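Since we're looking at a predicted model, the values are computed, not measured. Reckoned from all heavy atoms, side chains included, excluding hydrogens, waters and symmetry mates. In what follows, every chain begins at residue 1, and chains take the letters A, B, ... in the order their sequences are listed.
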2 protein chains.
Amino acid sequence: MMDRYLVRYFLAVIDHGNFSKAAAACNVAQPTLSVGIAKLERGFGTPLFRRSNRRVELTAAGARLAAPARAVEASFAQAENAVRGSAASVPLRIGVLSTVPAEWVEAIARRLNDNRPGRLEIVEGGERALHERLRRARLDIALTIIHPSVDRLESEPLFSEGYSLALSADHPLARRTTIAAEELAENAMIVRRQCEVLSETSRHFTERGVRPHFSARTNSDLRAIGYVRAGLGVTVMPDCFQADGMTRPKLEDFHHTRTLGLAYRSDLDRSQEELARSIAILSETIDHLIR
Amino acid sequence: MMDRYLVRYFLAVIDHGNFSKAAAACNVAQPTLSVGIAKLERGFGTPLFRRSNRRVELTAAGARLAAPARAVEASFAQAENAVRGSAASVPLRIGVLSTVPAEWVEAIARRLNDNRPGRLEIVEGGERALHERLRRARLDIALTIIHPSVDRLESEPLFSEGYSLALSADHPLARRTTIAAEELAENAMIVRRQCEVLSETSRHFTERGVRPHFSARTNSDLRAIGYVRAGLGVTVMPDCFQADGMTRPKLEDFHHTRTLGLAYRSDLDRSQEELARSIAILSETIDHLIR
DNA sequence: CTATACTATAGGGAGCGTCTATGATGGATC
DNA sequence: GATCCATCATAGACGCTCCCTATAGTATAG
């Protein structure tokens with residue numbers, strides 16, 4: 001019946017010159033695309049490509065189909081744009097957990113801007129604030145901590161990580177992989193006030209008889225990192241924070257973890273499809289960042 | 001993803017003004033179409049139709065989609081025509097069994113001509129001749145007798161029928177539903193030379209001691225019917241022949257049947273899709289004729 | 001208030017699009 | 001000329017989703 005996906009396969013083969021690359025471009029396996037083209041050819045009763053082992057070239061019938069096939073794809077694109085029309089002015093609102101590295105947020109913003117039409121709004125906030133905004137439909141997607149409890153939101157976990165110490169690179173214990181709380185008794189500490197495990201951290205130290213004094217309290221991870229590198233003190237942060245001049249040894253017996261992922265409403269008035277694409281972009285970006 | 005079938009559903013709703021008729025036009029059940037439109041609306045994140053119980057009307061977004069959607073369908077049609085281009089000059093060759101009523105052939109020819117682009121060739125012939133032509137790829141489809149044996153051809157049975165007598169409406173036995181061979185001893189008979197069960201018929205009579213004389217021999221069913229109505233004699237024909245001035249009582253204990261259907265090659269160089277459409281048209285036409 | 005016409009929802013079944021694994025083919029290389 | 005590499009085709013299994021029937025919900029008409 002010459003369905004849309006077949007048109008895409010066909011155009012991909014033309015554009016990439018062979019089946020394998022075309023398949024990759026369509027996000028399908030090579031045999032899938034092979035079958036797809038065969039189906040088109042069966043449908044039309046005539047070959048569309050002349051296959052040689054070196055390259056694939058259009059037959060006469062294929063050449064006649066090429067331009068109209070592009071017209072098909074173009075008309076689809078036009079139709080999809082037409083209906084968005086008004087909706088395009090509604091910005092996509094992304095919430096990002098405050099305790100996500102600034103570079104990550106930057107990368108996310110760049111990728112979304114480049115690969116998606118329409119305006120973008122980024123909101124930072126703590127876990128609870130983001131959750132609340134989502135619940136009230138003030139956000140479309142949030143990159144935040146995902147809990148097993150399903151609290152009425154869709155969610156897609158992306159990765160889990162622990163928390164570890166942040167030490168200046170010239171700290172005496174900087175090269176150690178694991179450090180016990182007791183060894184840090186003499187160190188000043190920097191308080192990241194927005195930290196999700198702040199109370200757990202403080203309990204961890206007090207339970208081991210360590211009562212450090214606090215050299216700084218800040219809401220900004222960037223500043224906290226600055227303080228650490230300046231030798232002002234040590235702190236505990238999610239593993240994903242990395243910077244030159246700073247090492248990240250484990251804090252012994254501190255096993256808290258967080259799972260970051262995307263949370264979103266499924267009952268949105270916004271386009272499901274746009275949402276899905278944005279989610280895909282986000283998740284791909286993060287995948288790329290954590291490796 | 002806004003697939004092609006969804007575009008068709010959408011346009012059908014616009015054209016028919018309600019979901020139920022649109023579904024019928026698309027050959028799907030109403031819930032199917034309902035879900036399809038819902039899927040489009042979910043995909044776009046906005047309603048396309050305003051439903052009232054009396055009619056459905058386009059929303060603003062739906063109205064924006066309407067024209068581009070038609071463009072999509074048009075571009076598909078154009079693409080499909082483009083690739084046929086050369087193939088369109090090859091006529092579709094239909095074989096029709098000689099013992100199929102002339103009105104049927106006429107109806108078939110008309111339907112195919114109206115609903116299908118390209119030239120048409122109709123060949124009449126006996127069962128064996130048609131089969132031979134099919135085998136040699138001199139025919140695309142044949143409306144003929146289908147046997148359970150699968151002799152390398154695809155086939156689609158359409159209906160089975162028996163054979164019965166054909167009597168002039170003013171024949172003394174015309175109102176009877178069943179007549180025994182013996183009762184026809186004094187009648188003249190018309191020989192339809194092309195009849196598939198000619199030898200079985202003649203044996204049926206001779207075995208019962210009836211040796212009628214033959215008032216006419218013809219290859220034309222139309223003429224045979226004319227002779228019957230003129231009172232020249234009686235004959236045996238497939239049940240499907242019906243005409244004013246002629247009745248069709250059963251011949252007692254004559255239980256032969258034939259199954260008419262479509263036979264075709266599956267390994268054709270011709271377009272599978274065109275073939276499938278032609279077969280669908282044919283089978284629909286016959287369905288309509290036999291009721 | 002019943003009857004009618006229409007759309008939405010639920011749940012099961014089947015077709016087909018997709019996958020992985022494997023085969024087949026032909027050009028390049030030593 | 002044997003081997004390797006790149007390419008497309010085929011086979012069989014899996015799983016998604018399109019489609020169905022049955023049913024509910026809702027508004028208009030008589």
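When the P atom of C:dG15 is taken as reference, atom CG of B:Asn27 falls 17 Å away, rounded to whole Å. The interatomic distance linking A:Leu33 (CG) with D:dC8 (P) rounds to 9 Å, in whole Å. B:Glu57 has its CD atom 15 Å from the C1' atom of C:dT7, to the nearest Å. In this structure, B:Asp3 atom CG and D:dC19 atom P are separated by 10 Å, rounded to whole Å. Protein atom CG of A:Leu48 is 15 Å distant from nucleotide atom P of D:dC8, rounded to whole Å. Atoms CZ (A:Phe49) and C1' (D:dA9) sit 15 Å apart, rounded to a whole Å. Rounded to an integer number of Å, the gap from CZ of A:Arg42 to P of D:dA9 is 14 Å.
In terms of phosphate contacts, B:Arg51 brings a side-chain nitrogen or oxygen within less than 4.0 Å of OP1 or OP2 of C:dA8.
Residues B:Thr32 and B:Tyr9 are in side-chain contact: their nearest non-hydrogen atoms beyond the backbone lie under 4.5 Å apart. B:Ile94 is not listed as a side-chain neighbour of B:Val123, based on a closest heavy-atom distance of 4.5 Å or more. Taking 4.5 Å as the limit, some side-chain heavy atom of B:Ile286 sits within range of a side-chain heavy atom of B:Leu158.
Using the six-membered ring where Trp is involved, A:Phe49 and A:Phe10 have ring planes that are tilted, between 30° and 60° apart.
Residues from residues 5-25 of chain A lying near DNA chain D, meaning a heavy-atom separation below 4.0 Å, are A:Asn18, A:Phe19, A:Ser20 in numerical order.
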Let me check something: any side-chain donor-acceptor pairs from residues 11-23 of chain B under 3.5 Å, sequence neighbours excluded? List them with distances.
unit_1	atom_1	unit_2	atom_2	d
B:Asp15	OD1	B:Arg70	NH2	2.7
B:His16	ND1	B:Ala12	O	3.0
B:Asn18	OD1	B:Ser20	N	3.0
B:Asn18	OD1	B:Lys21	N	2.8

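Listed for the B:Arg4 side chain is a donor-acceptor partner under 3.5 Å among the backbone atoms of A:Met2.
Side-chain polar atoms of A:Glu196 and A:Thr99 form a donor-acceptor pair below 3.5 angstrom. Defined by atom type and a distance below 3.5 Å, a donor-acceptor pair is missing between the side-chain atoms of B:Thr257 and B:Ser160.
Each of B:Glu41 and A:Thr32 lies near DNA chain C, and the nucleotide nearest B:Glu41 is the one positioned closer to the 5' end.
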Let me have a per-nucleotide readout for nucleotides 22-30 of chain D, 5' to 3', with B, S or -, counting only protein heavy atoms under 4.0 Å. B---BBSS-
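Annotation: B:Glu127, atom CD; neighbour count of heavy atoms from other residues, nucleotides and ligands within 6.0 Å is above 12.
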